[in-house]
There are 2 protein chains.
Amino acid sequence: MTIDVLVVEDDPVAADAHALYVGRAPGFRCVGAVHSVGAALRFLERRRAEGDPVALLLLDLYLPDGHGLELVGRLRAAGHDADIIAVTSARDLATVRQAVSVGVVQYLLKPFAAASLRSKLEHYARYRASLARDGEALGQDEVDQAFAELRSADRSTLPKGLTGATLEAVAAVLRQSDVGLAAAAVGTAAGVSRITARRYLEYLVETGRAVREPQYGNVGRPELCYRPR
Amino acid sequence: MTIDVLVVEDDPVAADAHALYVGRAPGFRCVGAVHSVGAALRFLERRRAEGDPVALLLLDLYLPDGHGLELVGRLRAAGHDADIIAVTSARDLATVRQAVSVGVVQYLLKPFAAASLRSKLEHYARYRASLARDGEALGQDEVDQAFAELRSADRSTLPKGLTGATLEAVAAVLRQSDVGLAAAAVGTAAGVSRITARRYLEYLVETGRAVREPQYGNVGRPELCYRPR
DNA sequence: CACGTTTGCGTTCATACTGTTCACGGCCGC
DNA sequence: GCGGCCGTGAACAGTATGAACGCAAACGTG
């Protein structure tokens with residue numbers, strides 16, 4: 001189930017670049033790039049008429065014929081429910097706040113690294129996945145989970161308490177083993193304590209580079225196994 | 001800098017309770033409670049005219065004169081930029097998704113514990129605080145931080161002794177099978193013991209996401225079959 | 001209708017892993 | 001040379017899991 005994306009960006013060069021990045025992200029497909037509010041509305045309208053609505057907009061806020069957030073208001077009024085990732089150089093409080101209030105799910109400041117956009121897209125994909133269940137009955141924890149996926153945990157700079165070298169060592173151990181490894185096992189393999197290993201493994205999970213799954217069968221609290229993703 | 005909140009809730013008793021909880025949260029003030037879409041719009045309009053706009057809505061989605069999300073669309077069209085916390089018993093995918101797309105910042109399922117609402121309000125307050133800097137120039141880190149505060153889930157939703165991962169595994173098994181499954185069967189399918197499976201199945205029953213019905217006909221104590229709801 | 005049989009439920013408890021707190025040692029800046 | 005900061009690990013309390021076991025509930029038989 002690919003996610004159809006429309007790039008709305010004033011600058012043609014930037015638009016091409018964004019489209020390229022979107023195409024490279026697994027699960028995403030760039031279905032078009034437009035350069036104005038009017039063109040975006042027409043594009044969305046046409047796709048919806050064809051029964052193939054766009055799911056996500058990569059939206060620049062400075063457009064020749066209006067503001068990006070104005071476009072959001074107009075497309076909501078027209079009944080479109082596409083999600084929005086703002087990609088803009090607008091770094092003022094009021095704009096960010098207003099973007100949140102109209103339902104922008106992610107906010108990426110220009111200029112950005114390709115990896116940053118990628119990370120935001122991956123988070124969005126996970127959000128979609130967590131709401132793509134067949135069963136209709138959701139619980140509070142599932143809703144919370146979905147909302148949490150929308151938060152961006154991509155840090156270009158490592159958080160306090162973590163070192164690049166140790167992270168590399170832990171990641172290397174994890175990469176070499178195909179089976180899931182417990183925090184303690186990773187620790188001994190990487191030459192650090194279980195606590196430190198866990199710290200870095202949790203960071204890898206948060207940034208989406210590892211998954212964590214419990215190992216059942218034995219008595220006692222289940223062991224958490226980490227695997228690369 | 002207190003945050004002015006308007007409660008929009010059909011049921012007067014619930015509205016009072018919500019208002020009470022809001023008043024108890026530090027930094028928040030409940031400035032009113034209304035029971036319909038129309039009243040909400042009039043209230044917001046009046047407050048704005050008085051130069052004292054409402055910052056946050058606690059919004060029930062089932063209202064006598066329309067759907068809560070419809071209210072969101074209309075108030076956005078009127079230029080209001082209040083943030084929305086949905087407080088509703090609507091637990092279907094489509095509603096949650098649409099709520100996200102129109103800019104609902106938190107989604108709280110009824111019935112809820114007072115602590116849950118409190119936690120959501122606190123997260124919102126932290127989001128506001130992280131965007132309340134005087135300096136206008138925001139960095140990507142600060143924007144990310146603000147978004148993270150907005151969406152982060154509170155783990156306290158699950159009772160002691162239960163894990164999100166295991167709950168997910170059990171719920172997935174139950175969802176995939178249309179016929180009723182015994183606790184033992186669910187256990188083996190999910191890779192956990194009957195006891196653990198039962199623990200989580202009972203939780204699902206308690207939260208209204210599964211039903212439990214005895215299976216008669218064979219000799220011996222009847223088998224309890226769990227089914228999704 | 002009563003009693004034994006049979007089958008699975010529900011609870012208690014040992015158990016092993018988790019997650020957190022706090023103190024130590026090293027490093028950089030001053 | 002010294003003080004503060006930061007990454008690491010040891011100890012410990014907390015917690016999720018499954019084995020064992022007594023009991024409950026329906027059927028079968030007399």
Side-chain angles (χ1 to χ4, degrees), chain A residues 139 141 145 148 155 157-174 179-207 210-227, chain B residues 152-174 179-207 210-227:
Chain A
D141 34 85
Q145 182 64 31
R155 299 178 181 275
T157 123
L158 256 53
K160 293 277 186 197
L162 270 60
T163 320
T166 314
L167 179 62
E168 195 42 53
V170 169
V173 168
L174 201 64
V179 309
L181 254 60
V186 173
T188 51
V192 297
S193 74
R194 175 186 73 89
I195 292 93
T196 301
R198 193 191 97 84
R199 224 171 253 148
Y200 286 87
L201 287 167
E202 282 302 312
Y203 172 73
L204 288 173
V205 170
E206 242 179 66
T207 53
V211 287
R212 182 174 74 152
E213 46 194 16
Q215 202 76 13
Y216 305 101
N218 304 7
V219 298
R221 186 168 171 159
E223 199 176 37
L224 285 184
C225 280
Y226 296 84
R227 284 194 317 159
Chain B
S152 59
D154 41 299
R155 292 285 172 225
S156 64
T157 35
L158 250 63
K160 297 266 187 208
L162 269 59
T163 322
T166 311
L167 178 62
E168 194 41 53
V170 170
V173 167
L174 201 65
V179 309
L181 253 60
V186 172
T188 51
V192 300
S193 72
R194 174 185 71 89
I195 291 93
T196 300
R198 191 189 99 84
R199 224 172 254 149
Y200 286 88
L201 287 167
E202 282 303 314
Y203 172 72
L204 288 173
V205 170
E206 254 177 52
T207 54
V211 286
R212 187 172 70 154
E213 45 196 15
Q215 200 77 12
Y216 304 99
N218 301 4
V219 181
R221 183 167 172 162
E223 198 176 44
L224 284 185
C225 281
Y226 297 84
R227 285 197 317 159

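Reminder, nothing fancy here: chain letters follow the sequence lines and each chain counts from 1. Below, all heavy atoms of this structure are taken into account, side chains as well, without hydrogens, waters or symmetry copies.
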Between A:Tyr200 and D:dT8, does any side-chain N or O lie under 4.0 Å from OP1 or OP2? yes
Whole-Å distance between D:dG18 P and B:Arg199 CZ? 8 Å
Can you name the closest pair of heavy atoms from B:Leu174 and B:Leu204 and give their distance? CD2-CD1, 4.2 Å
From CG of B:Leu158 over to C1' of D:dG14, roughly how many Å is that when rounded to an integer? 16 Å
How close or far is atom C1' of D:dG22 from atom CD1 of B:Ile195, stated in whole angstroms? 14 Å
Between side-chain atoms of residues 188-195 of chain A and protein atoms elsewhere (two or more places apart, or another chain), which donor-acceptor pairs fall under 3.5 Å?
| residue | atom | partner | partner atom | Å |
| --- | --- | --- | --- | --- |
| A:Thr188 | OG1 | A:Ala184 | O | 3.4 |
| A:Thr188 | OG1 | A:Ala185 | O | 2.9 |
| A:Ser193 | OG | A:Ile195 | N | 3.4 |
| A:Ser193 | OG | A:Thr196 | N | 3.2 |
| A:Ser193 | OG | A:Thr196 | OG1 | 3.3 |

Residues 214-227 of chain B side chain polar contacts: donor-acceptor under 3.5 Å, at least two apart:
| residue | atom | partner | partner atom | Å |
| --- | --- | --- | --- | --- |
| B:Tyr226 | OH | B:Glu202 | OE2 | 2.7 |
| B:Arg227 | NE | B:Glu213 | OE2 | 3.1 |

Please work out which residues in residues 210-222 of chain A have a non-hydrogen atom less than 4.0 Å from an atom of DNA chain D and list them by number. A:Tyr216, A:Gly217, A:Asn218, A:Val219, A:Gly220, A:Arg221, A:Pro222
side-chain contact (heavy atoms from CB on, under 4.5 Å) between A:Leu201 and A:Val170: does it pass, once the steps are laid out? CA-CA 7 Å; A:Leu201 287 167; A:Val170 169; 3.9 Å; yes
Outermost nucleotides of DNA chain C that come under 4.0 Å of a non-hydrogen atom of chain A: C:dT15 to C:dT20
Does A:Thr196 put a side-chain nitrogen or oxygen below 4.0 Å from OP1 or OP2 of D:dG9? yes
Give every residue pair that meets the salt bridge (Lys or Arg N to Asp or Glu O under 4.0 Å) criterion with at least one member in residues 158-168 of chain A, sequence neighbours excluded. A:Glu168-A:Arg175
B:Tyr203 has an atom OH; how far is it from atom P of D:dT17, in whole Å? 14 Å
Please state whether the phosphate of D:dG7, meaning OP1 or OP2, lies under 4.0 angstrom from any side-chain nitrogen or oxygen of A:Thr163. no
Taking every heavy atom of B:Tyr203 against every heavy atom of B:Pro159, the minimum-distance pair comes out as CE1-CD, 3.6 Å
Base D:dG9 paired with A:Arg198 side chain (donor-acceptor, <3.5 Å): no
Contacts to DNA chain D from residues 179-194 of chain A, heavy-atom cutoff under 4.0 Å, which residues? A:Val192, A:Ser193
Length of the line joining A:Leu167:CG and D:dT8:C1', which is rounded to integer Å: 15 Å
Between atom OG1 of A:Thr207 and atom CG of A:Leu167, what is the distance when rounded to the nearest 0.5 Å? 7.5 Å
